[in-house]
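We count residues from 1, following the sequence as given. Order of appearance sets the numbers: ligands from 1, and atoms from 1 within every ligand. Treat the numbers as computed from the prediction; the structure is a model and nothing was measured.
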Amino acid sequence: MTNLVLGAGISGLSAAHYLLKTAQKATVIESSSNLGGWIKSIREADVLFEQGPHTVRVAGDGGPNTLALVEDLGLADRLSPIKSSHPAVKNRMIYVKKNLHMLPSSITSLLTTRPPFTKPIVSAIFQDLKAPRKVCEDESIYEFVERRLGKEIADYLITAMVRGICAGDGKEISVKFLMKSLHEAEQAHGSVVKGMVQNMLRKQSPLLPGTESPLYKKAKDEKWSIWSLDGGLQVLPTTLAASVRTQGGEIVLDAPCVALKFGSGGAVVKTRSCTYEATHVFSSLPARGLAPLLREQHPALARELAGIPTVSVAVVNLRYEGRQLDREAFGFLVPSTENLPLLGVIFDSVCFPSGGDTVLTVMMGGRWFAEHLGTDPAPQHLLDLAEGYVRDILKIASPPRSHLVSVLRDCIPQYVVGHQARVARIKQYVSQHKLPLSLIGSSFDGVGVNDVILCARRAVDNVNPR
Ligand SMILES: Cc1cc2nc3c(=O)[nH]c(=O)nc-3n(C[C@H](O)[C@H](O)[C@H](O)COP(=O)(O)OP(=O)(O)OC[C@H]3O[C@@H](n4cnc5c(N)ncnc54)[C@H](O)[C@@H]3O)c2cc1C
């Protein structure tokens, strides 16, 4: 018997990798013919279009862990890092009232009033020190920031950031999604600023064992902020998959899991043509995709899983001839105040020069997909919309040399208010019923590439401690 991993996205493949590293068996079952899930890099002549994630962060708990994995897979030489001094890291813009505004990135810019703000950002500190504490278990990130730092910061910065990270609505997304430690600071100290100072004075938490890689040391010494890989981010899952196969793991493609049942000795998983028996199942399926598989045997668990919503995103990759941008930046985001289908535009060719041409990624829809784009928008309509935004906002009038239009259905889970409590109930159910099931993937403990790889590693360690 073996461990079964459902899904060959980055989390499923990582779980298989970590299982094999600890001398356990692993079979991965994937519904599509593709490796990497949402990580998809498509070469168009001599440029690269990223449909899903574009870059991975160095910072955070998961950053060192992913770099250790990259090194372990022999990909260190293919890494394309971007340092914290690079314009793609320092310069981020928002689009408000028909204008692009550079966000403050230095102490001086925090002290001066810059549109669209009517006060220096630093004045939010005084608001925070005056605002009373509101004792609460959870609330929306918008409510929290409006209460502590003011409406303008909530309207322009927070809604834009939430649209950029999870294509969601800041008024629905939980404060714990992006600002857990600031919320805890308020609950403990009555102020975000006081809490931040305490956090800064506190010793940094140690790295997880096995993640202090030479590559991470280099990243810290050279002050890398984000990175991709030569050939695109999909190189990571395809290399992982090759390594899984070399280590004796099996990856079965075009095999959607259609039934999952637990018994005393483990689990039985059915695809359309095969039945697999396993001692343990690691599911990286989106919670809503896993729910129907469990409905018959565990209806209460299925209901909780089905309660984690997702949103769809339209992605339009565009390549324009020559250098067309008049400023160097990561790109721009559009706050919810603008009520546009446009979530933001990434300036890919600023991050990674593309043979002298301008490469952009336009993202639209998200939480407002159906409202703005309908249920099944035609690719030409999405292309026209994207080209229109680029023409109006970035003043690029020429038609693109090439393009790629994709609709990513239900691609990003939404950690709405109450998400953390729901995930705790889900985990409690699994543990109380002693189900041989580990829930990994982006529906539960973080939506970034680093988060889901780390979650896979922790799940493997929990089942079989090293
Ligand atoms: C547009 C976009 C931009 C993003 N940008 C960034 C970024 O810049 N940086 C970053 O860190 N993160 C980013 N993310 C998030 C990141 O890409 C995802 O969190 C991550 O790729 C999720 O990986 P996963 O393996 O958990 O899930 P998935 O990629 O969803 O993989 C799940 C796999 O399960 C398979 N599957 C589904 N149902 C079944 C079934 N019944 N049986 C068998 N297999 C099944 C699917 O086909 C899929 O291959 C972005 C995501 C999107 C969508």
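Within the 3.5 Å criterion, the main-chain N or O of Glu50 finds a donor-acceptor partner in the side chain of Asn317. Without hydrogens or angle criteria, Gln234 side chain to Leu35 main chain gives a donor-acceptor distance under 3.5 Å. Counting only distance, with no hydrogens or angles, the side chain of Thr159 and the backbone of Ser336 share a donor-acceptor pair below 3.5 Å. Checking side-chain atoms of Arg319 against main-chain N and O of Arg401 turns up no donor-acceptor pair under 3.5 Å. A donor-acceptor contact shorter than 3.5 Å links the side chain of Thr279 to the backbone of Thr2.
Residue Ser442 has at least one heavy-atom neighbour below 4.0 Å for each of these atoms of ligand 1: 19 (O), 26 (O). Close approach of ligand 1 to Gly441 is summarised as follows: ligand atoms under 4.0 Å from at least one heavy atom of the residue are 26 (O). Near Ile29, meaning under 4.0 Å from any of its heavy atoms, are these atoms of ligand 1: 43 (C), 44 (N). Near Pro256, meaning under 4.0 Å from any of its heavy atoms, are these atoms of ligand 1: 42 (N). Near Cys257, meaning under 4.0 Å from any of its heavy atoms, are these atoms of ligand 1: 40 (C), 41 (N), 42 (N), 43 (C).
Taking atom 39 (C) of ligand 1 as the reference point, the nearest protein heavy-atom neighbour is Leu285 CD2, 3.4 Å. Among protein heavy atoms, the minimum distance from atom 32 (C) of ligand 1 is reached at Ser284 O, 3.8 Å. Nearest non-hydrogen protein atom to atom 21 (O) of ligand 1 is Ile39 CG1, 3.7 Å. The nearest protein atom to atom 33 (C) of ligand 1, hydrogens excluded, is given as Glu30 OE1, 3.6 Å; this is a heavy-atom distance. Protein heavy atom closest to atom 28 (P) of ligand 1, with residue, atom name and distance, is Trp38 CD1, 3.8 Å. Scanning the protein for heavy atoms near atom 15 (C) of ligand 1, the closest one is Val447 O, 3.1 Å. Scanning the protein for heavy atoms near atom 9 (N) of ligand 1, the closest one is Thr55 O, 2.9 Å. Looking from atom 52 (C) of ligand 1 to the surrounding protein, the closest heavy atom is Ile412 CD1, 4.0 Å.
Residue nearest to atom 13 (C) of ligand 1, selected from Gly9, Pro413, Ser11, Pro53: Pro53 (by heavy-atom distance).
Contacts between Val56 and ligand 1, counted as non-hydrogen atom pairs separated by less than 4.0 Å, are absent for every part of the residue. Heavy atoms from both the backbone and the side chain of Ile10 come within less than 4.0 Å of ligand 1. Only the side chain of Leu408 comes within 4.0 Å of ligand 1, judged by heavy-atom distances.
Ring orientation note: the planes of Tyr95 and Phe332 are tilted relative to one another, at an angle of 30° to 60°. Using bins of under 30°, 30° to 60° and over 60° for the plane-to-plane angle, the ring pair His419/Tyr415 lands in the parallel bin.
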Query raised in the report: Where do Lys427 and Asp445 land on the salt bridge (charged side-chain N to carboxylate O under 4.0 Å, His left out) test, with the steps shown first?
Result: CA-CA 11 Å; Lys427 288 184 179 169; Asp445 296 312; 2.9 Å; yes
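An N or O contact shorter than 3.5 Å is missing between Leu293 and ligand 1 by distance. The shortest N/O to N/O separation between Val449 and ligand 1 falls below 3.5 Å. Polar contact check, Ser31 against ligand 1: a nitrogen or oxygen pair lies under 3.5 Å apart.
Ring centers of His183 and Phe144: under 6.0 Å apart, within the cut-off.
The two residues Ala287 and Ser443 have their closest heavy-atom pair at N-OG, 2.9 Å. When all heavy atoms of Arg409 and Phe369 are compared, the closest pair comes out as NH1-CE2, 3.8 Å. Annotation for Ala160 and Ile94: closest pair CB-CG2, 3.9 Å, computed over non-hydrogen atoms.
The closest approach between any non-hydrogen atom of Gly289 and ligand 1 is not below 4.0 Å.
Of the N and O atoms on the side chains of Thr275 and Glu277, not one donor lies less than 3.5 Å from an acceptor on the other residue.
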